[in-house]
Amino acid sequence: MPALIAGVPEDRLAAFAAREARRFAASRPLSAKAMAKGSGVYLSGVPMHWMTDWPMPHLPLVAEAHGARLTDIDGYGIDDFCLGDTGSMFGHSPAPVAKAIRRQARRGLTYMLPSEAALEAGRLLTETFGDFRWQIATTATDANRFALRVARAVTGRPKVLVFNGCYHGTVDDTMVTLADGKTVTRPGLMGQVTDLSQTAVCVEFNDLAAVEAALAKGDVAAILTEPVMTNSCMVLPAPGFLDGLRKAATKAGTLLIIDETHTISTGRGGYTRVHGLSPDIFVVGKCVAGGMPTAVWGLTPTVADRYHQANVNRPSGHSGMGTTLSANPMQFACLVATLGEVMTKENYARMEKGAARLANGLADAIARHHAPWHVVRVGARVEFICAPGPLKNGTEAAHAHQPAVEGAVHVGLLNRGSLIAPFHNMMLVSPVTKKGQIDRLIASFDEILTDLFPPSQT
């Protein structure tokens, strides 16, 4: 009997992966030639190092993208369910955003002063997400970093509490994990010389007792969390967990920061608005300006007052917050277009309907093939996980991650015309994703499972 990986016989997986890799390489000679020609220009041959995480033999080069579809330079049309890992969650270049970019480009790209659009963006941010005092950043990494500075400034405490397996961008403080129950710097973190356990404490998601024990020490300025863990295999909050976080934070004098950068897929206003959460600081990035590099972070009025007091009383000098190109007029133009015309209840309803269709179709295929896998959905965000579920925390999510299986499935789906995110098995349904695109992905997934799971198993 061959060994099983996520229920798949190892020999069948190896044969399938090799076959799909050959098929991909043979079908995209122009991309292969172009990538080889440019390989000496960029570090690791790509303009951003994580592009090497894609499992294909080489990257396809995108010629253009419209709606929920890409075209590569070899002429292949691709149904895009990655959507820029949420950056293009509402589709590529939504018409109101593209129009706003053209109009603003004639007026100037950046000038370190606000525009009328900045005032309208602030109004729309509050209308969409709630009563916060807003600041604009370029990435969610920046927004989270600045939010932590504020939390430490107003509480006078050094630490942030994060959950094992979390990801909040490249914020150093969050790059910790659990080892034998202790917080340690994550293995593999490059160039880190600081012991991050001095500035962070790590516990398991859904473990409220561990959170309360950590907060009882009185040195935690903020809890930084997604309402659903998404950068590991997706983990949903247990009933009462998020309410428990809010109560524990209040009792301990700790601020609660909710990072909605992925869970903005939940609905208009994000998971926070849909489920009535009450963070002290709210963060969202990626798609908030339709794909223009933009993030926002907001403080409740109470925390904003505490920030102003801390700011008045500090010595003059750099605060450690803010970048020159943040809050530029192009960002505000795109924020107004996205919040006012793209991030609508009607679009979210279309996304929800399509994502439900996708999740149900994938789950049905898994059941037909008796695969020991499961499907999780948060609004427009869908993920198949190559392990039984549901998962409870980051440790379980790490064990559920099966790179060999996932990589083979990803290449197999791309060969059949569908692109999903390279990180785990995330798929997004945009308001312009068509029913036929969803059904093609489901059919391709079912075909791949037919190859992976022996008939005797079905």
Side-chain angles (χ1 to χ4, degrees), residues 15-39 41-42 44-48 50-95 98 291 354-355 357-358 361-362 365 380 382-384 403 405-452:
F16 174 82
R19 184 171 67 249
E20 294 298 325
R22 288 193 300 269
R23 177 179 172 182
F24 178 88
S27 67
R28 286 175 165 83
L30 297 181
S31 290
K33 184 177 180 180
M35 286 299 298
K37 184 178 180 181
S39 63
V41 177
Y42 290 110
S44 302
V46 290
M48 180 55 77
W50 47 249
M51 289 181 179
T52 60
D53 289 345
W54 288 95
M56 298 83 80
H58 61 78
L59 295 177
L61 266 65
V62 176
E64 59 182 0
H66 301 284
R69 196 160 169 83
L70 306 172
T71 302
D72 67 22
I73 66 170
D74 286 278
Y76 287 95
I78 304 164
D79 295 330
D80 187 8
F81 290 88
C82 174
L83 293 172
D85 192 28
T86 311
S88 295
M89 187 177 75
F90 298 105
H92 294 286
S93 300
R357 184 183 187 91
L358 175 58
L362 297 176
V382 179
E383 186 174 334
F384 65 86
V405 178
E406 293 163 9
V409 173
H410 289 197
V411 178
L413 287 172
L414 185 53
N415 283 337
R416 291 158 179 79
S418 298
L419 182 73
I420 69 174
F423 313 114
H424 311 295
N425 309 302
M426 190 276 291
M427 296 151 281
L428 284 164
V429 173
S430 78
V432 292
T433 301
K434 294 179 171 56
K435 187 186 297 185
Q437 292 177 290
I438 294 170
D439 290 345
R440 278 195 295 272
L441 174 54
I442 294 168
S444 296
F445 183 73
D446 185 72
E447 180 183 322
I448 289 168
L449 292 191
T450 301
D451 273 347
L452 292 179

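Note that the structure is a prediction, hence the values are computed from the model and not measured.
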Q.
Show, in sequence, the C-alpha distance, side-chain angles and deciding distance for Val409 and Phe384, and conclude whether the side chain to side chain contact (heavy atoms under 4.5 Å, CB included) test is met.
A. CA-CA 11 Å; Val409 173; Phe384 65 86; 3.7 Å; yes

Q) Please walk me through it: do Asp451 and Arg19 pass side chain to side chain contact (heavy atoms under 4.5 Å, CB included)? A) CA-CA 11 Å; Asp451 273 347; Arg19 184 171 67 249; 3.2 Å; yes

Q.
For a side chain to side chain contact (heavy atoms under 4.5 Å, CB included) check, start with the C-alpha distance between Arg69 and Ile78, then their side-chain angles and the critical distance, and finish with the verdict.
A. CA-CA 6 Å; Arg69 196 160 169 83; Ile78 304 164; 5.8 Å; no

Q: Apply the test side chain to side chain contact (heavy atoms under 4.5 Å, CB included) to residues Leu83 and His92: give CA-CA distance (whole Å), side-chain angles for both, the deciding distance (0.1 Å), then the verdict.
A: CA-CA 7 Å; Leu83 293 172; His92 294 286; 3.9 Å; yes

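Annotation: the span from Tyr42 atom OH to Met48 atom CE amounts to 11.0 Å, rounded to 0.5 Å. Taking CG of Leu70 as the reference point, atom CG of Leu419 lies at 6.0 Å (rounded to 0.5 Å). Rounded to the nearest 0.5 Å, atoms CG (Leu441) and CG (Leu362) are 6.0 Å apart. Rounded to the nearest 0.5 Å, atoms CG (Leu358) and OG1 (Thr433) are 9.5 Å apart. Atom CD1 of Ile442 sits about 12.0 Å away from atom CD of Gln437, to the nearest 0.5 Å. Going from atom CD of Glu447 over to atom CG of Leu452 covers 11.0 Å, rounded to the nearest 0.5 Å.
Within the 4.5 Å cutoff, the side chain of Phe16 has heavy atoms near those of the Ile448 side chain.
Salt bridge annotation for Arg416-Glu20: present, with a cationic side-chain nitrogen under 4.0 angstrom from a carboxylate oxygen.
Side-chain atoms of Asp446 do not come within 3.5 Å of backbone N or O of Ala365 as any donor-acceptor pair. Of the possible donor and acceptor atoms, one in the side chain of Ser31 sits under 3.5 Å from a partner among the backbone N and O of Leu61. Looking only at distances, a side-chain donor or acceptor of Arg23 sits under 3.5 Å from a matching main-chain atom of Asn415.
Taking every heavy atom of both residues into account, Ala355 and Ala380 meet most closely at CB-CA, 3.7 Å. The nearest pair of heavy atoms linking Pro57 to Phe24 is CD-CD2, 3.4 Å. In plain terms, the two heavy atoms of Asn425 and Ile420 that are nearest each other are CA-CD1, 4.2 Å. Heavy atoms only, all atoms of each residue included: Met89 and Pro431 are closest at O-CD, 3.8 Å. Between Ser444 and Leu413, the closest heavy-atom pair is CB-CD2, 3.8 Å. Nearest heavy-atom pair, Gly45 versus Met35, reported as atom, atom and distance to 0.1 Å: O-CE, 3.8 Å.
Residues meeting the side-chain contact (heavy atoms from CB on, under 4.5 Å) test with Val432, sequence neighbours left out: Ala68, Ser430. With sequence neighbours excluded, the residues that form a side-chain contact (heavy atoms from CB on, under 4.5 Å) with Phe423 are Trp50, Asp53, Asp85. For Tyr76, the side-chain contact (heavy atoms from CB on, under 4.5 Å) test picks out Ser27, Arg28, Asp72, Asp74, with sequence neighbours left out.
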